[in-house]
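Chain letters run A, B, ... following the sequence lines, proteins first, then strands; residues in each count from 1.
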Amino acid sequence: MDVFIEKQDRHHRLSFRGSGDRLLALFDINPETVILVKDGQLITSDTMLKDTDAVRILSVISGG
Amino acid sequence: MRCRKCGERTVFSSPALCKDHFISAFEKKVYDTIDRYKLISRGQRIAVACSGGKDSTVLLHLLQKRGYDVTAMAIDEGIAGYRDKTLAFLRRFCFERGIPLQVHRYQDAFGASLDHMMQRSPRKPCTVCGVFRRYLLNRHARDFDLLALGHNLDDEAQSILMNLLLNNRAVLSRLGPKAGIVEAEGFTPRIKPLYLCREKEVMAYSFIQNLLTDFTECPNIVDSFRAEVRDFLNDHEASHPGFKELLVHEYLSSLPRLQRQAKDSGDLEPVGSCSLCREPSAAAVCRACSLKKEIRVSSPERQGA
(Lines give C-alpha, C1' and ligand atoms only; values in the text may rest on other atoms or scores of the structure.)
Protein backbone atom coordinates (compact mmCIF):
# COMPACT_ATOMS: atom_id res chain seq x y z
CA MET A 1 0.00 0.00 0.00
CA ASP A 2 1.11 3.53 -0.71
CA VAL A 3 0.18 6.00 2.02
CA PHE A 4 0.80 9.71 1.54
CA ILE A 5 0.67 11.76 4.72
CA GLU A 6 0.20 15.36 3.65
CA LYS A 7 1.37 16.97 6.87
CA GLN A 8 4.69 15.12 6.62
CA ASP A 9 4.78 15.58 2.83
CA ARG A 10 5.93 11.95 2.73
CA HIS A 11 4.95 8.66 1.11
CA HIS A 12 5.09 5.40 3.08
CA ARG A 13 5.14 1.95 1.44
CA LEU A 14 3.78 -0.84 3.59
CA SER A 15 1.94 -4.12 3.53
CA PHE A 16 -1.51 -3.51 5.01
CA ARG A 17 -5.05 -4.84 4.99
CA GLY A 18 -7.68 -3.44 7.30
CA SER A 19 -9.86 -0.42 8.00
CA GLY A 20 -8.92 3.22 7.67
CA ASP A 21 -9.20 3.49 11.45
CA ARG A 22 -6.55 0.78 11.85
CA LEU A 23 -4.30 2.51 9.33
CA LEU A 24 -4.57 5.80 11.23
CA ALA A 25 -3.82 4.01 14.51
CA LEU A 26 -0.74 2.48 12.90
CA PHE A 27 0.58 5.98 12.21
CA ASP A 28 -0.69 7.30 15.57
CA ILE A 29 -2.95 9.84 13.84
CA ASN A 30 -6.10 11.14 15.54
CA PRO A 31 -9.05 10.51 13.11
CA GLU A 32 -10.56 13.84 14.16
CA THR A 33 -7.64 15.69 12.58
CA VAL A 34 -7.64 14.17 9.08
CA ILE A 35 -9.73 13.06 6.13
CA LEU A 36 -8.93 9.99 4.02
CA VAL A 37 -8.84 9.99 0.23
CA LYS A 38 -8.64 6.93 -2.06
CA ASP A 39 -8.69 7.16 -5.86
CA GLY A 40 -9.51 10.85 -5.58
CA GLN A 41 -12.63 10.12 -3.51
CA LEU A 42 -13.30 10.97 0.10
CA ILE A 43 -13.77 7.79 2.19
CA THR A 44 -14.87 7.19 5.76
CA SER A 45 -12.41 5.66 8.19
CA ASP A 46 -14.40 2.42 8.50
CA THR A 47 -13.67 1.67 4.81
CA MET A 48 -11.72 -1.57 4.35
CA LEU A 49 -8.42 -1.05 2.55
CA LYS A 50 -6.26 -3.54 0.72
CA ASP A 51 -2.61 -3.88 -0.12
CA THR A 52 -2.86 -2.43 -3.62
CA ASP A 53 -4.63 0.78 -2.53
CA ALA A 54 -3.08 4.25 -2.58
CA VAL A 55 -4.38 6.37 0.27
CA ARG A 56 -3.88 10.06 1.03
CA ILE A 57 -4.22 11.34 4.58
CA LEU A 58 -5.04 15.07 4.52
CA SER A 59 -4.83 17.29 7.60
CA VAL A 60 -8.01 19.20 8.48
CA ILE A 61 -6.27 21.67 10.77
CA SER A 62 -6.09 25.26 9.61
CA GLY A 63 -2.77 26.68 8.61
CA GLY A 64 -2.70 29.19 11.41
CA MET B 1 -21.17 2.50 6.31
CA ARG B 2 -24.12 3.66 4.18
CA CYS B 3 -25.82 7.05 3.85
CA ARG B 4 -28.60 7.33 6.39
CA LYS B 5 -30.76 9.14 3.82
CA CYS B 6 -30.32 7.10 0.64
CA GLY B 7 -28.11 4.07 1.35
CA GLU B 8 -25.31 5.18 -1.01
CA ARG B 9 -21.61 5.00 -0.11
CA THR B 10 -20.71 7.53 2.60
CA VAL B 11 -18.08 10.23 2.40
CA PHE B 12 -18.63 11.40 5.98
CA SER B 13 -19.30 9.37 9.10
CA SER B 14 -20.78 11.72 11.68
CA PRO B 15 -23.45 12.06 10.41
CA ALA B 16 -23.25 9.18 7.93
CA LEU B 17 -23.96 10.83 4.56
CA CYS B 18 -23.14 10.27 0.89
CA LYS B 19 -21.52 13.02 -1.17
CA ASP B 20 -24.72 14.70 -2.35
CA HIS B 21 -26.46 14.57 1.02
CA PHE B 22 -23.32 15.76 2.81
CA ILE B 23 -23.08 18.80 0.51
CA SER B 24 -26.72 19.75 1.00
CA ALA B 25 -26.58 19.14 4.78
CA PHE B 26 -23.43 21.25 5.13
CA GLU B 27 -24.81 24.15 3.12
CA LYS B 28 -28.09 24.00 5.02
CA LYS B 29 -26.24 24.14 8.33
CA VAL B 30 -24.37 27.31 7.26
CA TYR B 31 -27.44 29.05 5.83
CA ASP B 32 -29.55 28.03 8.84
CA THR B 33 -26.91 29.58 11.12
CA ILE B 34 -27.10 32.83 9.13
CA ASP B 35 -30.92 32.85 9.36
CA ARG B 36 -31.29 31.65 12.94
CA TYR B 37 -28.86 34.18 14.38
CA LYS B 38 -29.92 36.91 11.90
CA LEU B 39 -26.31 37.39 10.82
CA ILE B 40 -26.97 39.08 7.45
CA SER B 41 -29.71 41.29 6.09
CA ARG B 42 -30.32 41.54 2.37
CA GLY B 43 -28.40 44.37 0.75
CA GLN B 44 -25.63 44.48 3.32
CA ARG B 45 -22.06 44.74 2.02
CA ILE B 46 -19.86 42.04 3.47
CA ALA B 47 -16.07 41.99 3.77
CA VAL B 48 -14.96 38.38 4.11
CA ALA B 49 -11.69 38.02 6.00
CA CYS B 50 -9.75 35.61 3.80
CA SER B 51 -6.45 33.85 4.28
CA GLY B 52 -6.59 31.53 1.28
CA GLY B 53 -7.13 28.65 3.69
CA LYS B 54 -10.09 26.28 3.55
CA ASP B 55 -12.39 27.96 6.10
CA SER B 56 -12.45 31.44 4.62
CA THR B 57 -12.52 30.07 1.06
CA VAL B 58 -15.54 27.89 1.86
CA LEU B 59 -17.21 30.87 3.52
CA LEU B 60 -16.56 33.12 0.51
CA HIS B 61 -17.88 30.41 -1.82
CA LEU B 62 -21.09 29.89 0.18
CA LEU B 63 -21.85 33.59 0.66
CA GLN B 64 -21.35 34.29 -3.03
CA LYS B 65 -23.45 31.22 -3.91
CA ARG B 66 -26.38 32.62 -1.91
CA GLY B 67 -26.10 35.95 -3.73
CA TYR B 68 -24.65 38.15 -0.99
CA ASP B 69 -22.54 41.20 -1.87
CA VAL B 70 -19.05 39.99 -0.88
CA THR B 71 -15.52 41.37 -1.08
CA ALA B 72 -12.54 39.25 -0.04
CA MET B 73 -10.19 41.01 2.37
CA ALA B 74 -6.78 39.51 3.06
CA ILE B 75 -3.99 40.57 5.38
CA ASP B 76 -0.44 39.88 4.24
CA GLU B 77 1.59 39.66 7.44
CA GLY B 78 4.76 38.86 5.56
CA ILE B 79 5.41 35.28 6.71
CA ALA B 80 7.87 33.91 4.19
CA GLY B 81 6.99 30.60 2.58
CA TYR B 82 3.45 30.62 4.00
CA ARG B 83 1.28 33.63 3.32
CA ASP B 84 2.66 34.13 -0.20
CA LYS B 85 1.40 30.63 -1.13
CA THR B 86 -2.09 31.03 0.35
CA LEU B 87 -2.50 34.50 -1.18
CA ALA B 88 -1.55 33.20 -4.63
CA PHE B 89 -4.41 30.68 -4.33
CA LEU B 90 -6.81 33.37 -3.08
CA ARG B 91 -5.96 35.72 -5.95
CA ARG B 92 -6.66 32.97 -8.49
CA PHE B 93 -9.89 31.94 -6.72
CA CYS B 94 -11.26 35.50 -6.62
CA PHE B 95 -10.23 36.21 -10.21
CA GLU B 96 -12.00 33.08 -11.53
CA ARG B 97 -15.22 33.98 -9.69
CA GLY B 98 -15.20 37.72 -10.20
CA ILE B 99 -14.95 38.48 -6.48
CA PRO B 100 -13.29 41.81 -5.55
CA LEU B 101 -10.14 41.27 -3.47
CA GLN B 102 -8.32 43.68 -1.16
CA VAL B 103 -4.88 42.76 0.22
CA HIS B 104 -3.50 44.88 3.09
CA ARG B 105 0.17 44.39 3.99
CA TYR B 106 1.95 44.81 7.35
CA GLN B 107 4.86 46.20 5.36
CA ASP B 108 2.71 49.08 4.07
CA ALA B 109 0.84 49.75 7.31
CA PHE B 110 3.66 49.30 9.84
CA GLY B 111 6.83 49.50 7.78
CA ALA B 112 7.85 45.91 8.56
CA SER B 113 6.76 42.34 7.92
CA LEU B 114 5.88 40.01 10.82
CA ASP B 115 9.08 38.06 10.17
CA HIS B 116 11.06 41.28 10.55
CA MET B 117 9.12 42.35 13.66
CA MET B 118 9.83 39.03 15.37
CA GLN B 119 13.56 39.64 15.08
CA ARG B 120 13.06 42.60 17.44
CA SER B 121 10.43 41.24 19.82
CA PRO B 122 10.53 38.62 22.59
CA ARG B 123 6.75 38.21 22.27
CA LYS B 124 5.14 35.16 20.71
CA PRO B 125 4.44 35.75 17.00
CA CYS B 126 0.73 34.86 17.34
CA THR B 127 0.27 37.67 19.89
CA VAL B 128 1.80 40.32 17.64
CA CYS B 129 0.19 38.91 14.50
CA GLY B 130 -3.30 38.78 16.05
CA VAL B 131 -3.23 42.37 17.29
CA PHE B 132 -2.00 43.87 14.01
CA ARG B 133 -4.25 41.66 11.86
CA ARG B 134 -7.36 42.66 13.84
CA TYR B 135 -6.29 46.29 13.63
CA LEU B 136 -6.02 46.21 9.84
CA LEU B 137 -9.20 44.19 9.34
CA ASN B 138 -11.19 46.56 11.52
CA ARG B 139 -9.79 49.62 9.82
CA HIS B 140 -10.48 48.42 6.30
CA ALA B 141 -13.82 46.75 7.11
CA ARG B 142 -15.22 50.16 7.97
CA ASP B 143 -16.34 50.61 4.38
CA PHE B 144 -18.60 47.55 4.79
CA ASP B 145 -21.67 46.65 6.85
CA LEU B 146 -20.28 43.35 8.15
CA LEU B 147 -16.97 41.55 8.54
CA ALA B 148 -17.45 37.79 8.00
CA LEU B 149 -14.94 35.44 9.62
CA GLY B 150 -14.32 31.80 8.71
CA HIS B 151 -14.25 30.67 12.35
CA ASN B 152 -15.59 27.14 12.67
CA LEU B 153 -16.84 25.16 15.64
CA ASP B 154 -13.34 23.93 16.49
CA ASP B 155 -12.00 27.50 16.56
CA GLU B 156 -14.83 28.54 18.82
CA ALA B 157 -14.41 25.56 21.17
CA GLN B 158 -10.74 26.52 21.46
CA SER B 159 -11.59 30.17 22.20
CA ILE B 160 -14.13 29.16 24.83
CA LEU B 161 -11.74 26.81 26.62
CA MET B 162 -8.79 29.20 26.39
CA ASN B 163 -10.78 32.05 27.93
CA LEU B 164 -12.26 29.79 30.59
CA LEU B 165 -8.75 28.70 31.58
CA LEU B 166 -7.63 32.35 31.65
CA ASN B 167 -10.82 33.40 33.49
CA ASN B 168 -11.30 36.09 30.87
CA ARG B 169 -14.98 36.84 31.42
CA ALA B 170 -15.10 39.93 29.22
CA VAL B 171 -13.88 38.01 26.17
CA LEU B 172 -16.14 35.05 26.96
CA SER B 173 -19.15 37.34 26.83
CA ARG B 174 -18.14 38.56 23.37
CA LEU B 175 -17.83 35.20 21.57
CA GLY B 176 -20.70 33.63 19.63
CA PRO B 177 -21.87 33.65 15.99
CA LYS B 178 -22.33 37.42 16.06
CA ALA B 179 -19.36 38.80 17.92
CA GLY B 180 -19.41 41.81 20.17
CA ILE B 181 -22.01 43.13 22.54
CA VAL B 182 -20.56 46.62 22.83
CA GLU B 183 -21.46 48.86 19.95
CA ALA B 184 -18.73 51.33 19.19
CA GLU B 185 -18.23 53.88 16.49
CA GLY B 186 -15.78 52.62 13.90
CA PHE B 187 -16.28 48.98 14.78
CA THR B 188 -17.79 46.79 12.05
CA PRO B 189 -19.87 43.88 13.42
CA ARG B 190 -18.26 40.44 12.97
CA ILE B 191 -20.23 37.39 11.94
CA LYS B 192 -19.25 33.70 11.89
CA PRO B 193 -21.52 31.73 9.53
CA LEU B 194 -19.41 28.53 9.91
CA TYR B 195 -19.87 28.69 13.68
CA LEU B 196 -21.62 25.32 14.00
CA CYS B 197 -19.51 23.44 11.43
CA ARG B 198 -16.74 21.19 12.69
CA GLU B 199 -13.34 21.75 11.11
CA LYS B 200 -13.44 18.24 9.69
CA GLU B 201 -16.78 18.99 7.98
CA VAL B 202 -15.37 22.18 6.48
CA MET B 203 -12.36 20.25 5.21
CA ALA B 204 -14.57 17.50 3.70
CA TYR B 205 -16.78 20.08 1.95
CA SER B 206 -13.73 21.96 0.75
CA PHE B 207 -12.23 18.77 -0.70
CA ILE B 208 -15.44 17.69 -2.42
CA GLN B 209 -15.98 21.14 -3.95
CA ASN B 210 -12.33 21.43 -4.99
CA LEU B 211 -11.78 24.56 -2.92
CA LEU B 212 -8.47 23.43 -1.42
CA THR B 213 -5.03 24.89 -1.76
CA ASP B 214 -1.96 22.75 -1.08
CA PHE B 215 -1.38 22.15 2.61
CA THR B 216 0.65 24.87 4.26
CA GLU B 217 0.95 25.44 7.98
CA CYS B 218 2.01 28.72 9.54
CA PRO B 219 5.55 28.16 10.88
CA ASN B 220 4.62 30.09 14.04
CA ILE B 221 1.61 27.98 15.10
CA VAL B 222 3.68 25.50 17.14
CA ASP B 223 4.42 28.19 19.71
CA SER B 224 0.82 29.05 20.51
CA PHE B 225 -1.43 28.40 23.50
CA ARG B 226 -4.23 27.87 20.99
CA ALA B 227 -2.36 24.94 19.42
CA GLU B 228 -2.03 23.29 22.85
CA VAL B 229 -5.76 23.71 23.50
CA ARG B 230 -6.60 22.49 19.97
CA ASP B 231 -4.58 19.31 20.48
CA PHE B 232 -6.19 18.71 23.88
CA LEU B 233 -9.69 19.13 22.41
CA ASN B 234 -8.96 16.81 19.49
CA ASP B 235 -7.54 14.15 21.80
CA HIS B 236 -10.61 14.45 24.03
CA GLU B 237 -12.94 14.34 21.03
CA ALA B 238 -11.39 11.04 19.94
CA SER B 239 -12.24 9.42 23.26
CA HIS B 240 -15.51 11.35 23.83
CA PRO B 241 -17.12 11.95 20.40
CA GLY B 242 -19.32 15.04 20.36
CA PHE B 243 -17.39 16.82 23.12
CA LYS B 244 -16.56 19.93 21.06
CA GLU B 245 -20.16 20.37 19.90
CA LEU B 246 -21.38 19.90 23.45
CA LEU B 247 -18.95 22.53 24.72
CA VAL B 248 -20.05 25.10 22.11
CA HIS B 249 -23.79 24.40 22.57
CA GLU B 250 -23.47 24.63 26.37
CA TYR B 251 -21.61 27.90 25.89
CA LEU B 252 -24.34 29.24 23.59
CA SER B 253 -27.01 28.41 26.13
CA SER B 254 -25.01 30.33 28.78
CA LEU B 255 -24.17 33.28 26.52
CA PRO B 256 -27.15 35.53 27.40
CA ARG B 257 -26.33 35.13 31.11
CA LEU B 258 -22.62 35.78 30.48
CA GLN B 259 -23.49 38.93 28.53
CA ARG B 260 -25.80 40.19 31.29
CA GLN B 261 -23.17 39.51 33.94
CA ALA B 262 -20.46 41.25 31.91
CA LYS B 263 -22.62 44.35 31.49
CA ASP B 264 -23.75 44.41 35.14
CA SER B 265 -20.31 43.78 36.63
CA GLY B 266 -18.50 46.38 34.57
CA ASP B 267 -16.19 43.78 33.00
CA LEU B 268 -16.81 45.47 29.67
CA GLU B 269 -14.86 48.66 29.52
CA PRO B 270 -16.43 51.48 27.49
CA VAL B 271 -14.92 51.77 24.04
CA GLY B 272 -13.43 55.10 23.16
CA SER B 273 -10.71 55.78 20.67
CA CYS B 274 -6.94 55.46 20.73
CA SER B 275 -5.24 58.80 21.33
CA LEU B 276 -2.58 57.96 18.73
CA CYS B 277 -4.39 56.30 15.80
CA ARG B 278 -8.05 57.12 16.68
CA GLU B 279 -9.11 53.49 16.19
CA PRO B 280 -11.68 52.08 18.65
CA SER B 281 -9.97 51.18 21.92
CA ALA B 282 -10.95 50.58 25.55
CA ALA B 283 -7.57 51.98 26.64
CA ALA B 284 -6.12 55.43 26.01
CA VAL B 285 -3.61 53.84 23.63
CA CYS B 286 -4.71 50.79 21.63
CA ARG B 287 -2.78 47.52 21.67
CA ALA B 288 -1.58 48.00 18.10
CA CYS B 289 0.01 51.36 18.95
CA SER B 290 1.49 49.95 22.19
CA LEU B 291 3.02 47.04 20.32
CA LYS B 292 4.21 49.30 17.54
CA LYS B 293 6.09 51.39 20.09
CA GLU B 294 7.51 48.32 21.80
CA ILE B 295 8.72 46.75 18.56
CA ARG B 296 9.76 50.10 17.15
CA VAL B 297 7.90 49.92 13.86
CA SER B 298 6.13 52.76 12.05
CA SER B 299 3.03 54.34 13.49
CA PRO B 300 -0.21 52.90 12.10
CA GLU B 301 -1.56 55.48 9.70
CA ARG B 302 -4.31 57.62 11.19
CA GLN B 303 -7.69 56.80 9.84
CA GLY B 304 -8.68 59.42 7.34
CA ALA B 305 -5.33 61.20 7.67
Spacing of [atom1] belonging to [X] relative to [atom2] belonging to [Y], to within rounding of 0.5 Å:
X: B:Glu237; Y: A:Thr33; atom1: CD; atom2: OG1; value: 11.5 Å
X: A:Ile35; Y: B:Lys200; atom1: CD1; atom2: NZ; value: 8.5 Å
X: A:Arg56; Y: B:Phe207; atom1: CZ; atom2: CZ; value: 6.0 Å

- Message: Counting only heavy atoms from other residues, nucleotides and ligands, does the tally under 6.0 Å from CZ of B:Arg287 exceed 12?
- Response: no
- Query: Counting heavy atoms not belonging to B:Lys5, are there more than 12 under 6.0 Å from its NZ?
  - Reply: no
- Note on the structure: So, the part of A:Val37 with a heavy atom under 4.5 Å from chain B: the answer is side chain
- Can you list the steps and then say if B:Arg9 with A:Thr44 is a side chain to side chain contact (heavy atoms under 4.5 Å, CB included)? CA-CA 9 Å; B:Arg9 183 182 74 78; A:Thr44 48; over 6 Å; no
- Task: Please state whether the side chain, the backbone, both or neither of B:Phe12 comes within less than 4.5 Å of a heavy atom of chain A.
- Result: backbone
- Look at A:Asp9, A:Val34, A:Thr47 and state which one has the largest set of heavy-atom pairs under 4.5 Å with chain B. A:Val34
Heavy-atom donor-acceptor pair, [X] side chain to [Y] backbone, under 3.5 Å:
X: B:Lys19; Y: A:Gln41; answer: no
X: B:Asn234; Y: A:Asn30; answer: no
X: B:Lys54; Y: A:Val60; answer: yes

- In terms of heavy-atom contacts, B:Asp154 and A:Glu32 come closest through OD2-OE2, 4.5 Å
